[in-house]
Amino acid sequence: MFMRAETLSSRLREHTRDEHAAARRSSFIEGLASGRLPFAAYAELAAQHWFIYESLELAASAMSTDPVARHFVFPELFRIPALEADLRYLYGARWQSRVTALPSTSTYCTRIRYAAVDQDTGYVAHHCTRYLGDLAGGQWLGRAIVAAYGLRRQGYRFFVFEGVDPPLFRARYRDRLNAVRWTRPEQDAFLAEVSAAFRLNIDMLAELGEHWT
Ligand code: HEM
């Protein structure tokens with residue numbers, strides 16, 4: 001009987017089902033989406049994102065000539081310019097001296113520096129966990145935050161990917177994942193690092209939640 005080959009994107013979805021469900025249960029995210037938390041909590045999330053994306057986008061530069069990872073370097077997704085504009089709005093011109101990384105965020109950044117530079121599996125794992133999330137649930141969260149805090153034109157550029165159609169981009173991204181010629185052990189290493197990345201996000205959201213309860 002003919003069996004359809006299992007694709008890497010379907011393995012990814014299956015592998016992250018439980019972790020994704022745990023991430024979705026974050027009370028901090030729910031508190032922002034409903035506007036229950038003070039606006040400063042949203043600013044603190046944006047600040048944590050800045051540290052994470054700085055590490056991630058430095059890894060992208062370092063991996064831009066890697067034969068596999070270079071297919072997952074998308075300058076149109078880079079979030080640092082958007083985050084810096086948001087942080088200027090949220091914290092003022094001297095934002096850089098007003099933001100600090102939480103311990104869980106520092107742990108996350110250290111992990112990116114260790115796992116996403118040099119190893120294609122680690123880089124793609126950290127890349128897809130953040131950007132596919134931003135292009136999926138992140139779009140819903142952005143709309144909810146804009147409505148909940150009455151944002152007008154500024155402070156939410158992080159959620160807006162100029163010139164990118166999120167569902168189409170996600171579909172093309174999955175095609176790229178499915179085209180990667182990794183051995184089964186390499187695929188397993190990729191999936192293990194995706195789990196680590198999810199866990200780091202969940203821990204960071206939990207720490208933010210503790211801060212703002
Ligand atoms: C309340 C919070 C969240 C909601 C409502 C949400 C919702 C969604 C939705 C609707 C999808 C699309 C699934 C599909 O394409 O069929 C998705 C995909 C995804 N989300 Fe989330 N999400 C949330 C939190 C997170 C978090 C915290 C992360 C990790 C940083 C994350 C990472 C991902 C990833 C990596 C995908 C792509 C999975 C794939 O295409 O295989 N999500 N999310």
Side-chain angles (χ1 to χ4, degrees), residues 6-37 41-42 44-57 59 71-72 74 77 79 83 102 104-105 107-109 111-112 115-116 121-149 156 158-159 161 164-180 182 187-188 190-210 212:
E6 194 185 25
T7 61
L8 185 55
S9 68
S10 64
R11 283 195 78 194
L12 171 66
R13 186 161 297 175
E14 193 54 44
H15 182 83
T16 56
R17 198 175 300 279
D18 293 351
E19 284 142 351
H20 191 257
R24 286 183 75 147
R25 279 196 298 274
S26 157
S27 65
F28 181 76
I29 293 290
E30 181 278 320
L32 290 182
S34 64
R36 175 173 53 77
L37 290 171
Y42 168 59
E44 195 173 22
L45 176 65
Q48 304 317 301
H49 281 156
W50 184 80
F51 290 103
I52 293 165
Y53 284 84
E54 191 198 34
S55 302
L56 205 46
E57 291 171 12
H71 297 295
F72 297 87
F74 301 99
L77 298 186
R79 293 294 80 199
L83 280 166
L102 291 171
S104 56
T105 305
T107 305
Y108 192 171
C109 294
R111 180 77 184 201
I112 293 172
T121 49
Y123 170 74
V124 180
H126 283 280
H127 189 277
C128 78
T129 303
R130 277 305 330 182
Y131 295 99
L132 280 181
D134 297 333
L135 290 167
Q139 297 298 294
W140 161 82
L141 180 62
R143 283 189 294 273
I145 286 173
V146 165
Y149 296 95
Y156 61 93
F158 171 73
F159 298 105
F161 289 86
V164 172
D165 172 350
L168 186 64
F169 201 96
R170 275 167 30 224
R172 294 211 173 124
Y173 195 110
R174 280 194 288 271
D175 290 343
R176 267 192 201 201
L177 273 180
N178 295 338
V180 175
W182 276 330
Q187 288 195 8
D188 292 345
F190 161 73
L191 293 173
E193 194 59 31
V194 170
S195 288
F198 262 94
R199 183 44 51 203
L200 289 158
N201 277 282
I202 291 166
D203 290 350
M204 180 191 70
L205 292 172
E207 191 174 11
L208 281 165
E210 284 161 23
W212 294 98

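The chain is numbered in sequence order, starting from 1. Counting convention: from 1, in listed order, for ligands and their atoms alike. Source: prediction; values computed, not measured.
- Shown here, atom 38 (C) of ligand 1 is out of close reach of the protein: none of its heavy atoms lies under 4.0 Å off.
- Numbered from 1 in the order shown, with element, the atoms of ligand 1 that lie under 4.0 Å from a heavy atom of Cys128 read 35 (C).
- Taking atom 29 (C) of ligand 1 as the reference point, the nearest protein heavy-atom neighbour is Phe198 CE2, 3.8 Å.
- Nearest to atom 21 (Fe) of ligand 1, among the N, O or S atoms that His20 has, is NE2.
- The only member of Phe72, Phe158, Tyr53, Tyr123 that meets ring-ring contact (aromatic ring centres under 6.0 Å, His included) when paired with Tyr131 is Tyr53.
- Taken to the nearest 0.5 Å, the CG atom of Leu208 stands 5.0 Å off from the CG atom of Leu102.
- Using a distance-only test at 3.5 Å, with no hydrogens or angles considered, no donor-acceptor pair links the side chain of His126 to the main chain of Ile112.
- If you check each of Ala21, Gly137, Ala144 against atom 9 (C) of ligand 1, the one with the closest non-hydrogen atom is Gly137.
- For Thr7 (side chain) and Ser10 (main-chain N/O), a donor-acceptor pair under 3.5 Å exists by modelled atom type.
- When each of Gln48, Glu207, His49 is checked for a side chain to side chain donor-acceptor pair (under 3.5 Å) with Thr105, only Gln48 meets the rule.
- With Arg79 contributing its side chain and Leu77 its backbone, the two residues share a donor-acceptor pair below 3.5 Å.
- The distance from ligand 1 to the heavy atoms of Ala23 drops below 4.0 Å at these ligand atoms: 26 (C), 27 (C).
- Distances from atom 16 (O) of ligand 1 to the heavy atoms of Gln139, Arg13, Arg130, Arg17 put Arg13 nearest.
- Short contacts between ligand 1 and Trp140, defined as distances under 4.0 Å to a heavy atom of the residue, involve ligand atoms 1 (C), 5 (C).
- Of the protein's heavy atoms, Arg170 NH2, 2.9 Å lies nearest to atom 15 (O) of ligand 1.
- Residue-ligand proximity: Arg174 is placed with a non-hydrogen atom under 4.0 Å from ligand 1.
- Close approach to Asn201 involves these atoms of ligand 1, each under 4.0 Å from a residue heavy atom: 30 (C).
- Aromatic ring orientation, Phe169 versus Phe74: perpendicular (interplanar angle above 60°, classes split at 30° and 60°).
- Between the Glu30 side chain and the Arg25 main chain, no donor and acceptor come within less than 3.5 Å of each other.
- Within the listing of ligand 1, atoms 11 (C), 12 (C), 17 (C), 18 (C), 43 (N) sit less than 4.0 angstrom from a heavy atom of Ala136.
- The nearest non-hydrogen atom to atom 10 (C) of ligand 1, considering only Glu30, Arg24, Glu14, His126, comes from Arg24.
- Atom CD1 of Ile52 sits about 8.0 Å away from atom OG of Ser104, to the nearest 0.5 Å.
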